[in-house]
Each structure stands twice: as structure tokens, then as C-alpha cells.
Amino acid sequence: MNKNTQIIKSSLLKRKRSEKYFKYFGLTGIIAALLFLTIIITSIFTTGKKAFKQTAIKLEIFFDPKIIDPENKGTEETYKSANYKIVIKNALLNYFPSVNKRIDIRDLTNFISSSEEERLLEMILKDNTLIGTTKELWLTASSTIDVIHKNLEMLNITEKDRLIDNKEKKWFTKLLDDEKLKFQFNKTFFTSADSTEPEQAGIWGSAMGSFFTVLVTLILSFPIAVAAGVFLEELAPKNKFTDFLEVNINNLAAVPSIIFGLLGLAIFLNVMHLPRSAPIVGGLVLALMTLPTIIIATRASLKAVPPSIREAAIGLGATKLQTVTHHVLPLSFPGILTGTIIGMSQALGETAPLLMIGMVAFIVDVPGSFLDASTALPVQIYLWKSTAARGFVELAAAGVLILLTFLILMNSFAVYIRKKYEKKW
Amino acid sequence: MGFWSFSVFILIIAISAYWYGNTKALRLNSNSIEKLPSLPKYYGNYALIWLIFPCLLGVFLWITLNTYILDTILINHLPKELENSFAGGINMLVDRVKTINIDNPFPGTNPELIDAAIFLENKSNEVRAYFLWGIISISVLLCFVSLKKISFKFKARQAVEKSNVTLLILCSIVAIITTVGIVFSLIFEAMRFFDQVSIFDFLFGLSWSPQMAIREDQVASQGSFGAIPLFTGTLLITLIAMLVAIPVGLASAIYLAEYSSSTTRSIIKPLLEILAGVPTVVYGFFAAITVGPFFREFADFFGFNIASESAIAAGGVMGIMIIPFISSLSDDVISAVPQSLRDGSYAMGATHSETIKRVVLPAALPGIVGAILLAVSRAIGETMIVVMAAGIAANLTSNPFEAVTTVTVQIVTLLVGDQEFDSAKTLAAFALGITLFCMTLFLNLYALKIVQRYRERYE
């Protein structure tokens, strides 16, 4: 055997081994990336799922005519001015007859969320024959009780670190042992806007804000971007101006989103005096931001239409514009739509520019139009995460789950359209 | 006249104008031997364009000018005493008047303010009526003139197509206007900032504490605006992000491009792209709630004491976010290396991995560098992750377990909340903004150039 062959043969084992290791190196990269994805999703899911249920306390409520309608007038005003806190307090005292000190009574009443007073009033307004009767009701507990109920191991830590003191713990355990506590579906989360109390805060207000914002974005960016894409891909002559336009659009696609927020603040708010915190300004800013995405998608799908189609149309006497509007654009429409949906899902998840134009306020009303002050889903998540009070972190995680659900729906719709209408020429 | 009735009104005129143009053209065609040079529908379209364009322009002008006009009217109307008695200046007063609900004013509101609000409401209706009727009369007039033009000599198709192309060009120019808007608004506000703080102090100062005094005589009334701690913080976090993203992203790209079968590739690639589609606020939440506390407990275990806001938590999570950028760009670049190079290497007896290491990767290097630069520019401009997980205090350190702050975090903290727009504190955000814009712009231009040159080499 030749000496060289021997060297090669002896090194072969090592080379084969390094071949194997290199392949595993690549595989590790993919596994690591997918592992990160799984960790993120499970971590958010385990935190967020807690917010979908909330604690309720079963109490026998006596709709006392002496409190609700002492003079027996029977008008709505009297019902509205009545103090339902006392009704709830009496029900609690009825259950805990041993509590009699003023401060203890106050602590006990704090077990029930203040939103339940409103609920009792609504019940009365709906059916005033309830007055004078006793009814067993599940009342929403306050966020402190909710946190303890969700993490029962907290009962065992020392009083100093616990959220409730020893006497409250005694009441809580009594309720728990008598099976007066249960988890109910947190409907408030899906129907209300932000609140200072976690058990009364909901995602609906910010979801509406997001809806209006993305709608404005869609209305503005879709036609402009498609027009720009058609011009650049089909009609533009090759000259310095169109080259400049192209470079411009590519760069705009890579400008950090927060810079668009600064633009919105300086131009739309300070120069044009559009209303602060309004979805219309958010939509304008996000429209400018998603413009390049849709333009690039439009151009890609126009490019995918084979030239033979254009040649056939022109051969039959169509003008350039007729060729585009009658043939090329309809054929590339599924691709444009896919790009638009992806652009919209980007806009839906974008936060930083909205912070700049003031869509980051504490807003308790559900916005009803483009001009009302509102927040957006991702901003609401940011706000809840930054709130120090207990219970809001779970809300933020639940908000993330809602946001991700919307994004998954939008993206699967985009994939569906692409799969269904995609043509291989 | 409300906006919706205006829209309906315009729509009705539009339909009738189109119909009239169309039928007039048809009638001319049928009544004579000579034929019109364009199809009848183009005559309808021509009238339509002369109606719709002026309308859109008018509405655009109205939206842009409305607030300005109303504010001016209101400021002239408000009595001087009220202006002087109201803390916070005339702009705050105008904002206050606007927030008053006329039907149900908050008890205890100054009656003069309520009067002003009612006046504003009336004026606003008046201005809207002027604008909308003005728009209607001008556009109807133009539409009427264009309908009169229909004759055998008039080539409607050419006119319609020309205006359509003009519209398309205008839409493309929006991109340029946006860039110009960004550059000018940033430069304009940054210039005002540099009037108060020297540009050298800003670029090379070592201390950042933008708290301006409320009263003139307060101790330490001068905030300091040295941006070096912000730059180093940004660089530290970017570096950590790259340490996570480059190995993982590159390894996945190599595996996807060289080893995986096309079916695994078609499954794994979209999965990796999910990482790019997750909103940054979600990453920020994950960094703040899970990763930050994890590193704190990790350090606790070894007897260190660190805050849960740390550069490593923010940087690490940002790295995860960047992975798909690097992997999918590098994947494209590696796949674009011509097969002939690989075949040559195999022919010399090299193994698959040797081919990748010695032939494919060196050939693809410029493209990969371009991809990494794009990822760096992305990391520098990233906001939500660092806002939620990196900290606010400017800290000149290279210790990844300490809290640092970045350019984007400072822009957010300076501008969120109530602020007046003349103080150096808020203007500083624009100076930071232009610095950020320039950094990312140069990185992008350079990276795109590298990638483009690389593409040309193998095409």
C-alpha cells in the first residue's frame, strides 16, 4: 500500500466522525430554536390560563327593602341611589355572625369585588319583585381572594408574607371548607375594558381599539401599496427616479418601528393636531409602517405572473394599463392578499409606535369610533405587565394568548389562500 | 351636513355622472356615422375622475386643516382673563375645552369653559358645512365641465389612463414622502435640542440623567444628556442577542440547506418563521416574567445578587427573536451557492461537512455577513423587549447581569406620559431618534449592498 493511501485511510475514521458531529451541530441549532418556541408558548400558557377563571363566593343575598327602597317608591332612581354594599355586607355578616368589629367588617366586605354592587342593581332593575326575597348567588371575589384561591399553598406561608392576615385566613378556610368557593368562567375579561381592579379588567376595550386601528391601517395601506407595487413592477420606466424609489422602499422596510412613532408624534400630533390616543393616528402610523411590506409582496406576486399573459393581452390590442387591470392584477391577487394579511398581522402586534402617539393611557370605556381615546391589544399587555398590583400579570398573559390566537387565525387564513389559489405556471 | 350624508350625496352624484357620460357617448355613437375614439365607458370614467379627485383632495385638506382652523378660532374667541387664570398655557386650555362634554358637563366646571365648548361645537359644525359644501360645489362644477367636453375629437381613454398612471405614481411617492417626513421631523426637533445641549456633550458625554428641574432655582437644575451609556447598553444587549442568534441561526440554516430532506424542510421552516411572527411585546413579557426571574434565581444559587431586570435576560430573548432572520436569510444564501462548487469539492474526495466548511461557507460568507448586519440593525432598533426587561437607569457597565438601558428605552421613557414639547427632556428623544435612524440606515444600506453584490456574483 502506498504511504499516502495509508495516511488517508487512518484519517478517514476521524473525518467521518467530524462529519457526524457537524450534522448534529446543525440539528442542535434547529432543536434549540424549536425548544425556545415551546418554552415561550408553554410559559405564557401556564400563566395566562389562570386569568380565564375567577373565584366566586356563594352567599345568600337578602334584597332588603329597608336598604333598597325604604320609602317604597318603586322608582328607578331610588334603586340606583341605594347602597348595595350594605346588602352584600349583611349577607356576609349573616354567614360570619361572630364578626362585629368595624375594621373586621370592612376587611370582610373586601372579600367581594366592588363590581358586584352594580350587578345587584342590574338584577333589581330587571326584576323588582326580587326586593324582599332571599336568593343564593355566586358573587365574584376580590382579586386578593382570587389569587389565594388559585395558589392555595400561599395559606401556609408566614402571615407577614401572605396577602391576607390570620383572621382573613380563618374566614377564607371556612368558606373553602363549606364549599362556598368555586371557579367560574371569567366573562368580564371578554366584555369590559381596563380597570384598576384586576377582577374587573377586560380585554374587550383594547380589542376594539386594535380593530379600529388595523381597519384604518388596512383602508389606507392596501390601496396605496398595491398602486405603488403595480407602478413599480409593471409601468415604471427604468430611470434614476424609480431606482431611488426602490432603494427608499427597501430602507423604509428596515426602519425601526419606534421611528415611525416619532414621525407620528411630530407630524400627526404636533403639526396636524389630530386627536391624541386615537385609533386614527395609530392606524396612520401603522399604515406607513406596513406600506413597504405590502408593496414588496405585491411586486413579488406580480412578478410571478408569466410574461406570456401580458404578451397575449397586448397582442390582442389591450393597452398597458388594461393588461394590468384586466389580467395581471386579478391573477396575482391571491398573493397580494396573502402579503396584506401578513402585513396586517404585523400591524396588530406592533406596540412601540403606539406608545409614542399616546395610545398607552388608562382607558375604562370601550372605544366606539376612530376618534375615541383607546389602547390596543399589545399596548394593553404592556400596561398590565407594568402594573405592580397582583393579578395583572395573569391578565397580561391571557391578553398575550388572545393576541396570539388572532395572529394564528390571520396567518392560517393567509396560508389557506396561498394554498388554495396558488398557481404554478 | 354630516360626513356620512356627504359621502352618500357624492356617491349619488358620481353614479349619475358616470351614467350620463356613458349614455351621452352611446347616443353620439348611435346618432352618427362618425364614431367616438374611445369606448363609451371611458367618457363616464372621465367625468367620474373629475368628480372624485377634487373630492378626495378636499377631504384630505379638511382633515389636515380642520383642527388648526378651529384652534385658531377658539384662541381668538377665549377671553384673555381666562387664558391668564388657567395654569399650563393656552394649549392646555384649548385641550381642556375640547374634553368638555356639552350635554353633560362635569359638575363644577367653569361656566366660561362650557360656553367656550358650546361655541367650539357650533364653529366646528359651521366649518365642516363650509368645507363640505365647498368641496361639493367645486367638484360638481369640474364634473360638469368634463361632461361638456364629450365630443368626437376628445380621446377619453388616453385622458383616463394618464390620470390613473398619475395616481399610481402619487401612491408610490408616499414612500418618499414618508422618508422625507421622518428625516425632517427628526432633524427639526433634534436641532431644537442641540440649541440647548451641545452635540459633543450629547455624543460623548458619559452621564445620562434627563431630569430637568421644574423650578429654576432648584438644586441640580441641569439634567445631563451624555448618550454614551445608552450606546454601550444598546451594544451590550445587541452583542448578547447575537451570541444567541448567530450560532443557533447559522446551525439551523446549514442543516436546512444542506442536510434536511425537502419534507422536513417544508415543516421546519414555517415553524422557525413562527418565531419571527410573534409580536415583540410577547417576547418582552416572556423576558420580564420568566427569563429575568430565572437568571436572578440562578445567580442567587451561586450567591450573587442581581436584579430581575438585566442585560442578559433582554439580550437573550432578543437573540431568540433574531434567530429566524439569520436562519432564513443564510439559508437562502447557502442554497444559492452553485452546485458546481460542491461537485468540484466532492470530486476531490472531500466529505459533505468538509465541503460545507471549506467551500460552501466561504463562498456564502458575504451573504451571511449581510444577513448578520441586517439582524444587528434589527436588534438595535428593537424596543418592546428592552423596555419591558432591560431597565431604565443609565448604567455604564459591561456586566451582562446588571440592568442597562438602551437608546429605544430612553426614547419611550422620555415621551410616554404628559410632557411639554419645548423642554430638552422631550426633545432629547428626537436626538436619540435621529441617531438610531442613522445607525440602522447605514447598517441596512451596507448590508443590502453586500447581499446584492453577492447575488450578482453567482447569477
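Per chain, numbering begins at 1; letters A, B, ... match sequence-line order.
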For the candidates [options], which exhibits the highest count of non-hydrogen atom pairs separated by less than 4.5 Å from chain B?
options                                    : value
Ala397(A), Gly264(A), Gly399(A)            : Ala397(A)
Pro378(A), Pro223(A), Gly261(A), Gly229(A) : Pro378(A)
Leu291(A), Leu245(A), Ile295(A)            : Leu245(A)
Ser43(A), Ser345(A), Ser18(A)              : Ser43(A)
Lys16(A), Glu19(A), Glu350(A), Arg15(A)    : Glu19(A)

For [X], is it the side chain, the backbone, both, or neither that has a heavy atom closer than 4.5 Å to a heavy atom of chain B?
X         : value
Phe268(A) : neither
Thr242(A) : neither
Leu235(A) : side chain
Tyr21(A)  : neither
Gln322(A) : both
Leu27(A)  : both
Leu403(A) : side chain

Looking only at heavy atoms, what is the nearest atom pair of [X] and [Y], with distance?
X         : Y         : result
Val248(B) : Ala32(A)  : CG1-CB, 4.3 Å
Ala33(A)  : Leu275(B) : O-CD1, 3.9 Å
Ala175(B) : Leu252(A) : O-CD2, 3.6 Å
Pro279(B) : Gly349(A) : CB-O, 3.5 Å

Does OH belonging to Tyr446(B) count more than 12 external heavy atoms closer than 6.0 Å?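 Atom OH in Tyr446(B) is not crowded, with 12 or fewer foreign heavy atoms closer than 6.0 Å.
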
Contacting region of [X] [heavy-atom separation from chain A under 4.5 Å]:
X         : result
Ile268(B) : side chain
Phe184(B) : neither
Leu448(B) : side chain
Thr408(B) : both

Counting only N and O atoms by type, is there a donor-acceptor contact under 3.5 Å from the side chain of Lys23(A) to the main-chain atoms of Tyr259(B)? no

If you count heavy-atom pairs under 4.5 Å with chain A, which of [options] comes out on top?
options                                    : value
Gly284(B), Ser377(B), Ser172(B), Gly381(B) : Ser172(B)
Ile182(B), Ile323(B), Asn164(B), Leu167(B) : Ile182(B)
Tyr68(B), Phe437(B), Phe285(B)             : Phe285(B)
Leu443(B), Val165(B), Leu436(B)            : Leu436(B)
Ile177(B), Ile254(B), Val412(B)            : Val412(B)

Could you measure the distance from the [atom1] atom of [X] to the [atom2] atom of [Y]? Nearest 0.5 Å is fine.
X         : Y         : atom1 : atom2 : result
Leu168(B) : Leu321(A) : CG    : CG    : 6.5 Å
Ser353(B) : Lys20(A)  : OG    : NZ    : 12.0 Å
Met388(B) : Thr351(A) : CE    : OG1   : 8.0 Å
Leu34(A)  : Leu272(B) : CG    : CG    : 5.5 Å
Leu415(B) : Leu262(A) : CG    : CG    : 6.0 Å
Ile40(A)  : Thr290(B) : CD1   : OG1   : 9.0 Å

Quick one, Ile173(B) and Phe241(A) - any side-chain contact, counting heavy atoms below 4.5 Å?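 In contact.
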
With a 4.5 Å cut-off on side-chain heavy atoms, are Ile320(B) and Leu37(A) touching?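 No, too far: nothing below the 4.5 Å cut-off.
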
